[in-house]
Undergrad: 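Mind looking over this structure? Questions follow.
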Amino acid sequence: MGSIAPSPAEIDASVVKITRSTNLRDVPLPGSPEELSHSYCTDHMVTVRWTAGNGWETPEVRPFENLSVPPTASCLHYATECFEGMKVYRGYDGKLRLFRPDCNGERLVSSAQRTSLPAFKFEELKVLIAKLMQIDGPRWLPKDQPGRFLYLRPAMIGNGPHLGVQTPKEALLFIIAVPWPDPSKKKPEQAGGQHGLKLLASHPDSIRAWPGGFGYAKLGANYGPSLVAHGKAQAIGFDQVLWLFGEDRQVTEAGASNFFVVWENKQSGKLELVTAPLENQLILPGVTRRSVLELARTRLNQSCGKLAPVEVVERDFTIGDVHEAWKEGRIVEAFVCGTAYFVTPVKLIRNDDVDMNMLDAGAERAGYAAQIKSWLEAIMFGKDGAEAHEWGYVIEGESQK
Ligand SMILES: *Cc1c(COP(=O)(O)O)cnc(C)c1O
């Protein structure tokens with residue numbers, strides 16, 4: 001009969017239905033219990049519904065409220081859920097910025113597809129966030145308070161009511177913004193301060209990801225089962241689990257962040273910045289990881305102040321390699337990076353019964369993490385000549401409250 005089925009609609013963030021809250025919430029002060037709760041959201045949220053038949057519906061910016069899902073919803077039983085972690089920064093030039101938001105958009109689509117949730121045009125994610133922040137930005141990140149940020153959590157769930165096992169026929173994309181404690185404002189003696197994180201290497205009986213699995217996707221399903229090890233590590237004073245993989249105990253990543261070590265190569269004696277590779281799909285391809293690598297490749301391939309040049313290497317390495325380098329005094333520094341933890345030095349790694357102090361060994365030659373962090377900060381907060389860096393996406397058109 002020649003009729004062509006209409007193709008399901010794409011997300012079009014240029015046509016957003018906006019409903020403003022008439023009941024604005026108090027903005028919590030930095031360090032307040034509300035902020036420390038990690039659960040107090042801004043006045044509005046973005047939602048976009050999807051159905052298999054019609055595709056994406058008109059996006060909405062609407063008052064923040066609890067979601068309603070049927071008890072039979074796919075996400076509640078079959079973990080059809082993925083998410084992103086981003087921040088929106090109030091710059092020293094008064095502008096609001098996102099950091100490389102298309103990287104997050106692309107990754108959200110990739111994660112969604114790994115759990116059979118729908119794709120969308122990834123560039124639309126940043127536009128949806130911009131619509132939210134045009135409304136909530138002025139009150140929640142005041143222009144006269146540069147250097148502050150909100151944590152953004154875009155997420156997608158299968159919210160259809162079919163309890164039978166099947167691919168999701170309905171989905172919801174939503175975006176919330178949450179005031180978040182600033183890790184750089186923590187006192188040094190607290191986790192993540194100047195003295196760095198304590199990592200507990202995982203035990204062989206518990207692995208985070210495996211070849212053919214989904215360690216490379218940002219799925220809630222990666223997190224729930226890892227919380228047992230995380231809880232045990234925290235109970236004995238560690239900040240994160242350093243996840244090892246395989247018989248040879250390859251170092252993969254730490255908690256919700258990617259792991260780097262700067263060491264002297266045993267054979268060549270040259271300094272290397274080393275991190276686990278992406279090819280085997282065991283680790284999450286962090287946007288911060290990628291940015292650290294790109295900055296190191298372009299700016300640390302030559303001396304930089306007191307820092308000697310480093311060679312940037314993405315390859316498999318084991319906890320045994322780290323141990324050997326540590327024993328031989330070849331470790332310069334170790335750090336983790338991610339949106340939530342930013343770039344944070346590692347103070348100590350415990351593997352079996354050996355405690356490896358990462359700060360003593362190379363202290364004199366260290367400083368790579370701090371240098372990279374300050375370059376990234378300049379881009380995020382629009383300062384030190386990085387106001388127009390291509391990694392910063394400026395949100396224009398903030399409302400007048
Ligand atoms: C989100 C996440 C990271 C860090 O990724 P960024 O894009 O840098 O924030 C690292 N590892 C895991 C497991 C993650 O979920």
Side-chain angles (χ1 to χ4, degrees), residues 8 10-11 13 38 41 45-52 55-57 59-60 67 69-70 72-88 98-129 132 151-162 165-178 208-227 230 243 252-253 255-258 278 281-290 338-340:
E10 289 279 359
I11 290 185
H38 297 98
C41 298
M45 64 200 249
V46 172
T47 58
V48 199
R49 278 173 37 87
W50 174 89
T51 58
W56 293 100
E57 297 178 5
E60 287 193 55
L67 298 175
V69 294
T72 51
S74 172
C75 61
L76 299 179
H77 302 273
Y78 309 122
T80 48
E81 188 268 357
C82 60
F83 64 96
E84 272 304 317
M86 305 167 70
K87 284 175 178 169
V88 52
L98 303 176
F99 181 75
R100 310 187 81 178
D102 283 341
C103 296
N104 297 91
E106 269 187 281
R107 189 171 65 190
L108 184 58
V109 171
S110 146
S111 300
Q113 304 246 276
R114 184 64 185 84
T115 190
S116 65
L117 285 165
F120 61 92
K121 281 197 197 132
F122 68 82
E123 304 92 329
E124 299 299 291
L125 181 69
K126 64 177 184 290
V127 187
L128 291 174
I129 294 170
L132 177 63
Y151 184 79
L152 297 167
R153 173 53 62 88
M156 204 192 297
I157 56 174
N159 62 343
H162 314 288
V165 173
Q166 55 171 281
T167 56
K169 302 294 182 284
E170 293 175 36
L172 182 74
L173 169 64
F174 61 92
I175 307 171
I176 51 177
V178 195
R208 189 193 88 93
W210 47 89
F214 41 90
Y216 68 93
K218 215 166 171 78
L219 304 184
N222 275 319
Y223 276 83
S226 74
L227 295 179
H230 182 70
W243 291 103
T252 63
E253 60 179 318
S257 48
N258 294 113
L278 300 181
Q281 300 200 322
L282 289 180
I283 65 163
L284 203 285
V287 178
T288 324
R289 173 190 182 278
R290 173 174 170 175
T339 300

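This one's a predicted model, so the numbers in the text were calculated from it and none came from an experiment. The first residue of the sequence shown is numbered 1, and numbering continues consecutively from there.
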Undergrad: What is the minimum heavy-atom distance between Arg100 and Asn104, and which atoms define it?
TA: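 For Arg100 versus Asn104, the nearest heavy atoms are O-OD1, 3.5 Å.
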Undergrad: Determine yes or no for a side-chain-to-main-chain donor-acceptor pair under 3.5 angstrom, with Ser111 supplying the side chain and Lys218 the backbone.
TA: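 At least one qualifying donor-acceptor pair exists.
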Undergrad: Could you walk me through whether Leu172 and Val48 satisfy the side chain to side chain contact (heavy atoms under 4.5 Å, CB included) test, starting with their C-alpha distance in whole Å, then the side-chain angles of each, then the deciding distance to 0.1 Å, before giving a yes or no?
TA: CA-CA 6 Å; Leu172 182 74; Val48 199; over 6 Å; no
Undergrad: Spell out, as yes or no, whether a donor-acceptor pair under 3.5 Å connects the side chain of Lys126 to the backbone of Glu124.
TA: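 Not a single qualifying donor-acceptor pair exists.
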Undergrad: Enter the distance from Arg290:CZ to Leu278:CG here, rounded to the nearest 0.5 Å.
TA: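 Reported value, rounded in 0.5 Å steps: 9.5 Å.
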Undergrad: Answer whether the closest heavy-atom distance between the side chains of Thr339 and Val287 falls below 4.5 Å.
TA: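 Contact flag for Thr339/Val287 side chains = no.
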Undergrad: Check the pair Val109, Lys121 against side chain to side chain contact (heavy atoms under 4.5 Å, CB included), reporting the backbone distance first and the verdict last.
TA: CA-CA 8 Å; Val109 171; Lys121 281 197 197 132; over 6 Å; no
Undergrad: Within a strict 4.5 Å, meaning less than it, do heavy atoms of the Phe214 and Thr115 side chains meet?
TA: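 Of all side-chain heavy-atom pairs linking Thr115 with Phe214, none is under 4.5 Å.
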Undergrad: Within the structure provided, determine whether Arg208 and Asn222 are in side-chain contact (heavy-atom separation under 4.5 Å).
TA: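 Yes - at least one pair of side-chain heavy atoms lies under 4.5 Å apart.
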Undergrad: For the backbone of Gly220 and the side chain of Glu81, can you confirm whether one donor and one acceptor N or O come within less than 3.5 Å of each other?
TA: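 Yes.
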Undergrad: Please tell me if the side chains of Pro154 and Met86 come closer than 4.5 Å, counting only heavy atoms from C-beta onward.
TA: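 A side-chain contact exists here, since the closest heavy-atom pair is under 4.5 Å.
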Undergrad: Locate the shortest heavy-atom distance separating Trp243 from Thr252; write the atom from each residue and the value.
TA: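 It is O-OG1, 2.6 Å.
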Undergrad: Answer yes or no: is there a side-chain heavy-atom contact under 4.5 Å between Gln166 and Ser74?
TA: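 They are not in contact (no side-chain heavy atoms under 4.5 Å apart), so the answer is no.
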Undergrad: Between Trp50 and Leu173, is any pair of side-chain heavy atoms under 4.5 Å apart?
TA: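 Side chain of Trp50 against side chain of Leu173, heavy atoms only: no contact under 4.5 Å found.
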Undergrad: When you measure from the side chain of Thr80 to the backbone N and O of Cys75, does any donor-acceptor pair fall under 3.5 Å?
TA: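 Checked: pair present.
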Undergrad: Which heavy atom in Ile157 sits nearest to a heavy atom in Leu117, and how many Å separate them?
TA: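 Reported closest heavy-atom pair: C-CD2, 3.9 Å.
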Undergrad: Say you draw a straight line from CZ of Arg153 to SG of Cys41; how long is it, rounded to the nearest 0.5 Å?
TA: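 With rounding to 0.5 Å, CZ (Arg153) is 10.5 Å from SG (Cys41).
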Undergrad: Taking the side chain as every heavy atom from C-beta outward, state whether Pro161 and Glu170 have any pair of such atoms under 4.5 Å apart.
TA: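 They are in contact (side-chain heavy atoms under 4.5 Å apart), so the answer is yes.
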Undergrad: For residues Ile11 and Pro59, report the shortest heavy-atom separation together with the two atoms involved.
TA: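 The answer is CG2-CG, 4.2 Å.
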Undergrad: Heavy atoms only: give me the nearest Leu98-Leu152 pair and the separation to one decimal.
TA: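 For Leu98 versus Leu152, the nearest heavy atoms are CD2-CD1, 3.7 Å.
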Undergrad: Considering residues at least two apart in sequence or located in another chain, which fulfil the side-chain contact (heavy atoms from CB on, under 4.5 Å) criterion with His77?
TA: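 With neighbours one apart ignored, the set is Leu163.
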Undergrad: Given side chains that start at C-beta, do those of Ile129 and Pro101 come closer than 4.5 Å, heavy atoms only?
TA: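 When only atoms from C-beta onward are counted, Pro101 and Ile129 do not touch, as no gap falls below 4.5 Å.
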Undergrad: Given Leu108 and Phe120, is the side chain to side chain contact (heavy atoms under 4.5 Å, CB included) satisfied, shown in steps?
TA: CA-CA 9 Å; Leu108 184 58; Phe120 61 92; 3.9 Å; yes
Undergrad: Whether the side chain of Asn159 engages the backbone of Ala171 through a donor-acceptor N/O pair (distance < 3.5 Å, no angle test) should be reported.
TA: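 Yes: the side chain of Asn159 pairs with the backbone of Ala171.
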Undergrad: Applying ring-ring contact (aromatic ring centres under 6.0 Å, His included), run through Phe83 and Tyr223 and close with a yes or a no.
TA: CA-CA 11 Å; Phe83 64 96; Tyr223 276 83; 5.7 Å; yes
Undergrad: Hey, what do you get for CZ (Arg49) to CH2 (Trp56), rounding to the nearest 0.5 Å?
TA: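 Atom-to-atom, Arg49:CZ and Trp56:CH2 are 10.5 Å apart.
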Undergrad: I'd like to know if Arg107 and Glu84 make a salt bridge, using a cut-off of under 4.0 Å between side-chain N and carboxylate O.
TA: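 Here Arg107 pairs with Glu84 in a salt bridge, since their nearest N and O are under 4.0 Å apart.
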Undergrad: Show the nearest heavy-atom pair for residues Ile283 and Glu253, with the distance to one decimal.
TA: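 Closest pair (atom of Ile283, atom of Glu253, distance): CA-OE2, 3.3 Å.
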Undergrad: Going through the checks in order, is the side chain to side chain contact (heavy atoms under 4.5 Å, CB included) test met by Phe122 and Asp102?
TA: CA-CA 7 Å; Phe122 68 82; Asp102 283 341; 3.8 Å; yes
